[in-house]
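Take a look at the structure below.
Every chain is numbered from 1 and lettered A, B, ... according to where its sequence line falls, protein lines coming before strand lines. In what follows, every heavy atom counts, from backbone to side chain, and hydrogens, waters and symmetry copies are set aside. Just so it is clear, the model here is predicted, and its values are computed rather than measured.
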Amino acid sequence: MYEGAVQELIDELGRLPGVGPKSAQRIAFHILEADPEDMKRLATSITTVKERVQFCEICGNVTEEATCSICRDTRRDPSVICVVEESKDVIAVERTRSFKGRYHVLGGSINPIAGIGPEQLRIRELMTRLSDEQIQEIIIATDPNLEGEATATYLGRLLQSIGVTVSRLASGLPVGGDLEYADEVTLGRAFEGRRSVSS
Amino acid sequence: MYAEFLSLTDFRSYSQLDIALEPGATVFVGPNGLGKTNIVEALGYLATMSSHRVSSDGPLIRFGQERAMVRARLRRGQQGTAVEMEINAGKSNRARINRANPVRARDALGICRTVLFAPEDLALVKGDPSSRRRFLDDLLVSLVPHHSATRSDYERVLKQRNALLKSARASGKFTDAHRSTLDVWNQHMAVAGARLLRARLDLLRQLEPHIARAYNDLTDGSKAAGARYRSSLQTTLSDDGSAESGVDANADDLSALTVDELTSRFMDAFQSQQAKEVERGLSLVGPHRDEVELMLGPAPAKGYASHGETWSMALSLRLASYYVFLADDETAGAAPILILDDVFAELDTHRRQRLADIVATAEQVLVTAAVAADVPDTLQGRQIKVAAGSVSVDE
């Protein structure tokens with residue numbers, strides 16, 4: 001145990017995701033030895049982020065204004081919505097540069113162990129959007145794990161009756177990879193989702 | 001296959017131990033508490049990534065050390081393979097195959113195949129249904145590695161569904177929101193459950209004739225041994241519990257159903273059991289509630305079998321899994337290594353001899369015994385004397 005401020009800093013850092021006790025100690029001592037100006041900038045950016053950043057009123061993505069830049073962008077196709085779990089998934093899909101619609105960020109997935117049900121996710125907001133806007137297609141892009149699949153199933157059932165096209169991202173082999181390196185589960189899924197080559 | 005070399009570093013009681021092994025029978029003899037079982041346990045660990053004695057890896061590492069190493073050179077027909085397993089406390093294990101770069105421990109599964117007999121096997125017959133389910137699932141995974149995903153998918157969906165039922169019960173009221181979320185988990189659990197159930201039913205069908213044959217060979221054949229799968233689909237279908245009779249269960253045969261058919265059976269069962277499940281806050285139908293009933297003649301082995309019969313039944317299950325391995329891969333040198341840990345002391349002379357006659361046909365048999373005289377002559381090949389922390393070969 002260190003004294004006072006140092007130990008407090010280590011404890012705070014240790015609460016961050018992916019930071020264990022050893023890393024927390026290392027970061028704390030890095031901060032101690034670093035240039036005071038640099039560290040002041042770090043502290044300011046943490047406070048600014050908490051003060052300024054909020055969630056988009058429409059899609060739930062992070063933004064510094066009432067609505068995010070994607071929702072404000074009039075060039076985006078308003079008839080397609082891609083549903084994702086987190087804001088970081090928006091960035092991932094944006095990197096493809098091939099999706100021109102808008103997003104809806106759920107804020108997680110259905111996970112009873114963590115106490116997250118549909119009420120804790122931004123599903124009601126999604127339904128409101130569907131009644132207001134001229135949306136024709138929903139693409140569900142939740143994670144391909146058990147909780148993400150469960151969320152997709154839940155949304156699929158909910159949206160069934162509304163008359164929009166609902167699709168789910170495909171899962172299977174990574175592009176540019178080798179078949180021999182695919183694990184059994186991925187390869188099994190790829191077999192299930194195989195498609196005809198004759199067009 | 002057979003192991004030609006085994007080396008332990010900081011494993012259990014050994015700081016360093018190197019033993020050359022040979023095909024055929026080898027008996028490890030020495031007083032209790034000196035580490036006979038530790039040697040064979042290490043080889044068993046290479047095959048299954050788990051110990052037959054403890055559920056966590058911690059005790060495998062010599063007290064006060066950070067990691068243990070088990071190295072073995074295995075020979076399968078003409079081909080030799082060196083496997084190294086690093087067992088880490090609190091970290092994931094790593095494996096090296098033929099001195100290449102380290103890989104995930106589970107990539108080394110299947111290189112070493114063993115069937116291990118131990119006094120703990122009595123629990124297979126006398127213990128909870130969970131020990132028989134684990135026996136079946138472990139064998140399933142070692143025969144078809146991708147079933148490890150079938151198994152873990154089911155365990156995960158079960159945990160989530162139980163968490164949901166539990167929180168619904170705690171909230172005191174089963175709302176529409178609960179119902180619609182439960183519907184989603186029902187669907188996922190039905191699919192995962194049906195896959196696991198189908199795999200278990202197929203495996204048991206392969207095992208059953210071998211269990212009967214092994215039991216017959218071990219005893220004088222006065223009783224017929226068998227095993228039947230009792231699914232919670234068959235036993236809990238009616239709400240009042242009146243259908244929990246054997247007659248209905250037998251008439252309702254699941255063995256011919258496909259995964260899709262089983263899935264819809266699960267969906268029906270979840271519907272009919274919903275009130276009960278919500279009330280108890282627990283999943284009541286699924287492979288996690290199933291039982292493999294071992295039969296001796298007309299009566300179940302559990303509760304009705306004598307001590308000797310229980311032993312014969314436990315040995316028959318292990319022998320049957322050995323036979324299934326043999327049938328699964330008939331190429332020369334594919335047969336698993338048989339390990340008999342402290343088994344002979346527990347058996348009468350008659351059964352000892354019969355067991356020895358059967359296992360002597362295997363490519364390699366490793367036996368541990370406190371007293372050499374307990375081991376029948378058929379297996380008295382090479383003897384290794386185990387003293388405190390060291391071994392010496394006694395030809």
Side-chain angles (χ1 to χ4, degrees), chain A residues 20-23 83 85 106 108-127 140 142-162 166 168 171-173 178-193, chain B residues 90-91 103-104 106-107 109-110 140-141 143-171 174-193 195 199 259-260 263 267 277-278 281-283:
Chain A
K22 290 251 168 72
S23 311
V83 180
E85 289 182 16
L106 291 173
S109 54
I110 298 178
N111 186 340
I113 292 175
I116 301 175
E119 318 82 60
Q120 279 77 38
L121 303 175
R122 298 182 71 259
I123 290 176
R124 209 175 307 112
E125 287 84 343
L126 177 65
M127 301 312 281
I140 303 174
T142 49
D143 289 343
N145 55 24
L146 175 66
E147 292 75 20
E149 293 295 351
T151 313
T153 313
Y154 182 86
L155 288 175
R157 289 179 172 212
L158 204 59
L159 300 172
Q160 214 170 34
S161 50
I162 293 178
V166 182
R168 172 92 177 100
S171 45
L173 296 171
D178 280 333
L179 199 68
E180 56 172 308
Y181 289 126
D183 66 284
E184 306 89 6
V185 184
T186 307
L187 201 48
R189 284 280 196 85
F191 262 92
E192 281 167 24
Chain B
K91 257 195 336 187
V103 290
R104 285 174 309 173
R106 101 191 152 97
D107 291 336
L109 277 176
L140 197 62
V141 171
L143 278 169
V144 189
H146 85 241
H147 277 316
S148 69
T150 312
R151 189 182 182 176
S152 60
D153 282 355
Y154 181 74
E155 278 162 10
R156 201 149 157 220
V157 77
L158 173 66
K159 257 193 206 152
Q160 288 284 19
R161 191 171 182 271
N162 278 344
L164 178 67
L165 287 167
K166 206 169 148 195
S167 75
R169 190 175 74 144
S171 72
F174 190 65
T175 59
D176 280 347
H178 283 135
R179 177 166 296 119
S180 55
T181 321
L182 185 62
D183 280 348
V184 169
W185 291 109
N186 282 354
Q187 195 185 331
H188 284 267
M189 184 143 122
V191 174
R195 284 194 183 136
V259 170
D260 289 343
T263 305
M267 290 302 281
E277 291 193 319
V278 170
L282 202 64
S283 296

Pick one: which of B/L165, B/L164, B/T181 meets side-chain contact (heavy atoms from CB on, under 4.5 Å) with A/P112?
-> B/L164

Portion of B/N162 that has a non-hydrogen atom of chain A nearer than 4.5 angstrom |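 No part of it gets close to chain A.
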
Closest heavy-atom pair and its distance - [X], [Y]:
| X | Y | result |
| --- | --- | --- |
| B/H188 | A/A150 | NE2-CA, 3.5 Å |
| B/Q187 | A/T153 | OE1-CG2, 3.3 Å |
| A/N145 | B/R156 | CB-NH2, 4.4 Å |

Please check if atom CZ in B/R195 has more than 12 non-hydrogen atoms from other residues, nucleotides or ligands closer than 6.0 Å.
->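 Atom CZ in B/R195 is not crowded, with 12 or fewer foreign heavy atoms closer than 6.0 Å.
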
Spacing of CG belonging to B/D153 relative to CD belonging to A/E149, to within rounding of 0.5 Å | 10.0 Å

Enter the distance from B/S152:OG to A/L146:CG here, rounded to the nearest 0.5 Å.
-> 10.0 Å

If you tally heavy-atom pairs under 4.5 Å against chain A, which of B/S180, B/S148, B/A192 wins?
-> B/S180

